[in-house]
Amino acid sequence: MQKIEIYKTQMRYTRFLFLLTIVAVLSMAFISCKKDDIKPVNAPTHELLDDYVKTIEAVSVISDEIYTLDEVMSQVMNSGMFNDAGPMASQITNMIKSQMRDTLASWNRRFNLNASDVRVRCVKYTYRTIDHKGNPITLSSYATWAFPNISNPQSATIHNRLILFCPYSQTKEDFRATATCGGPASAMLTKDALIVSPDPQGFGHDSGHDQMYMNHELIGIQMADAMTAAYKIFMDAGFRLAGDFILTPMGMSQGAATSVATQRYLENTSLTLSSETRSLADWWQMGYTFVSSGPYSPEITMNEYLTWQTCAHPGVIPLVLKTMIQSYPQIYDGYTEDDFYSENYLAHKHFFDSVYLYKPYTIDEINALMFELISTPEHQVSNPNTMVLTDMISSALLDPASPLHQKMHQSLQRNDLTTGWTPRHNIYITASEMDDYVPFANAEALQQMSHNKVHLLTVEQGDHQATCLFWLLKAFTGAYDSQLER
């Protein structure tokens, strides 16, 4: 376990190295955002959407809590996400608190709001959707919104944004309580929004089951269903989104791919209300998607790993392979999951299967355990903190000419977000050329789909975690739309 702590320390030390430079760049990165990001053309009358959402059934509240701003800020800082900020932690805290207070005050200045007037409501709920087999399943999610502590806050509060904050790569169950995943601290994302933070399949209410990781065909459906249920809860509490609200899917790492997958699903799926047929993106008044460092093409990601013959993030490989063989049994007919792995991994597969199922470790801790248990002694010396793929993956899966290798690519292609559609709404992506977890080629491929709609900010320095953290800081301070026309 000492190696885990050493590895975690090594992964942290670069996170704030380029903070000032990248924050400055990010602040100006999206100045070219289009006006239709803010008010979609021909936005539908929102009463039809409200009436539709009110009919949604099988939405159950697990918990319903109200917090003060100080309690929310305490949760943010206790989450550990700014542990590496050192002396900058207090500055970050004050910046976020000031942003939240000022935005809340702008709702209605006649109330002269201050920090003590702020309340944040966080509802954890379950909703019905489908699983990877198309069967009904109950999953869980958070709905969070801020409001002034006054009489009849529903009439005084204007919520003009719906944020769908999509989950990133997670392997530890209680990590969902942190500021970046769900709960009251997600209110830091913006203060005029209803914020939806779904649990991935296999987490929360569905804990004790396998996670469906990187199934981009499925995840858009689940995210849309979670969003619909959250809005029903919001309206049941007496609140309502403004008539000109906009939807913003956002996320980092796997959450970035989930956000883009959700946009694709919303744009390509129609809904008829009162004899009027529109795409879900139009009904939900899609604005734009704001993401960082996502594996938009699982095939590109795997090809890069195979080219490198190494992987700095090996903990995600079994997640991907488990999801592919469970989601597409017709493709893998005649094969089992054991066919994917080397003898080294198979010797510890039972242990890692239980780790993925019961979720006691973070992904960084799983990476460290794999380096310790699966890497050969010579590779631990020659490739520290990097998995040589031959130590983990079977020769059949690594051989481009083998049927198993070709089946893997067939299933990965089913989940490629960089082909087969053209985005109708803007996507703003941040990615680092130095990302050794999610290859930069993912961002390049996504931009190649549409230079008019996909806008790429390239970060030349900073690894995967540092880039995601910088992006998250900008999300918390509202800089993702500070340049947009209101």
Side-chain angles (χ1 to χ4, degrees), residues 7 11-12 14-15 18 22 26 165-171 180-181 200 211 213-216 219 249-264 289-321 323-324 362-364 366-367 370 385-387 389 392-393 408-409 412-413 415-419 427-449 454-472 474-475:
Y7 174 72
M11 292 307 298
R12 288 173 178 166
T14 61
R15 292 184 184 178
F18 306 104
I22 296 180
L26 282 171
F165 193 75
C166 298
Y168 59 89
S169 304
Q170 299 150 46
T171 56
T180 57
C181 298
Q211 180 180 173
Y213 184 81
M214 216 179 284
N215 185 328
H216 296 156
I219 197 66
M250 59 195 305
M252 57 188 179
S253 195
Q254 180 55 33
T258 297
S259 299
V260 175
T262 301
Q263 175 173 331
R264 181 182 67 175
T289 295
F290 178 70
V291 292
S292 175
S293 311
Y296 313 108
S297 171
E299 184 176 30
I300 286 176
T301 302
M302 188 62 71
N303 283 341
E304 291 285 303
Y305 289 165
L306 294 176
T307 299
W308 299 339
Q309 288 295 301
T310 60
C311 177
H313 202 31
V316 302
I317 292 180
L319 286 175
V320 174
L321 297 179
T323 298
M324 293 300 103
T362 67
I363 190 66
D364 284 349
I366 292 175
N367 288 338
M370 286 186 170
N385 299 331
T386 303
M387 178 65 65
L389 291 185
M392 182 178 185
I393 303 300
M408 176 189 67
H409 278 283
L412 294 177
Q413 288 168 0
N415 296 280
D416 197 327
L417 299 171
T418 66
T419 61
I427 303 173
Y428 299 98
I429 55 179
T430 303
S432 172
E433 294 177 329
M434 295 180 64
D435 195 324
D436 57 352
Y437 280 12
V438 178
F440 182 71
N442 280 273
E444 292 179 310
L446 188 62
Q447 188 185 39
Q448 286 299 318
M449 280 200 310
V454 182
H455 312 275
L456 172 61
L457 169 67
T458 300
V459 178
E460 294 183 355
Q461 300 188 75
D463 63 11
H464 180 79
Q465 294 183 355
T467 304
C468 287
L469 186 56
F470 300 143
W471 172 90
L472 183 66
K474 302 313 296 178

Test item: M252 and V291 side chains (from C-beta on) under 4.5 Å apart, heavy atoms: no
Is a donor on one side and an acceptor on the other found under 3.5 Å between the side chain of D435 and the backbone of D463? no
Quick one: do the T362 and D364 side chains pair a donor with an acceptor below 3.5 Å? no
What is the ring orientation for H464 with Y437, classed by angle as parallel under 30°, tilted 30 to 60°, or perpendicular over 60°? tilted
Counterpart residues, side-chain hydrogen bond (donor to acceptor under 3.5 Å, both in side chains), relative to E444 (two or more places apart): none
If you define the side chain from C-beta out and look only at heavy atoms, does anything of I429 sit under 4.5 Å from V454? yes
Has the side chain of T418 got a donor or acceptor atom that lies under 3.5 Å from a matching backbone atom of L446? no
If you look at every heavy atom in N367 and G315, which pair is closest and at what distance? OD1-N, 2.8 Å
Spatial distance of atom CG (L389) from atom OH (Y305) [nearest 0.5 Å]: 9.0 Å
Minimum side-chain heavy-atom gap W308-P439 below 4.5 Å: yes
Which atom names give the shortest non-hydrogen contact between P298 and L412, and what distance separates them? CB-CD2, 3.7 Å
Quick check: closest heavy atoms across S293 and A431, and the distance to 0.1 Å? OG-CA, 4.4 Å
Rounded to the nearest 0.5 Å, how far does CD of E299 lie from CD of Q413? 4.0 Å
To the nearest 0.5 Å, tell me how far M250 CE sits from T262 OG1. 13.0 Å
Can you measure from CE (M302) to CG (L321) and round to the nearest 0.5 angstrom? 5.5 Å
Do N442 and T301 have side-chain N/O donor and acceptor atoms under 3.5 Å apart? yes
Nearest-0.5 Å distance, CD of residue E433 to CZ of residue F440: 5.0 Å
Could you go step by step and tell me if S297 and L417 meet the side-chain contact (heavy atoms from CB on, under 4.5 Å) rule? CA-CA 6 Å; S297 171; L417 299 171; over 6 Å; no
Rounded distance [0.5 Å steps], CD in Q465 versus CD1 in I363: 10.5 Å
State, with a plain yes or no, whether a side-chain heavy atom of T419 is found less than 4.5 Å away from one of M449. no
Within a strict 4.5 Å, meaning less than it, do heavy atoms of the S259 and R264 side chains meet? no
Under the side-chain hydrogen bond (donor to acceptor under 3.5 Å, both in side chains) rule, collect the residues that match up with T323, sequence neighbours excluded. none
Closest non-hydrogen contact found for A256 with S292 is CB-O, 3.4 Å
Is the shortest heavy-atom distance from the side chain of Q254 to the side chain of C166 under 4.5 Å? no
At their closest point, which heavy atom of M324 faces which heavy atom of Y213, and how far apart are they? CE-O, 4.5 Å
Would you check if the side chain of S432 reaches a backbone N or O of M434 as a donor-acceptor pair within less than 3.5 Å? yes
At their closest point, which heavy atom of P295 faces which heavy atom of H216, and how far apart are they? O-CE1, 3.5 Å
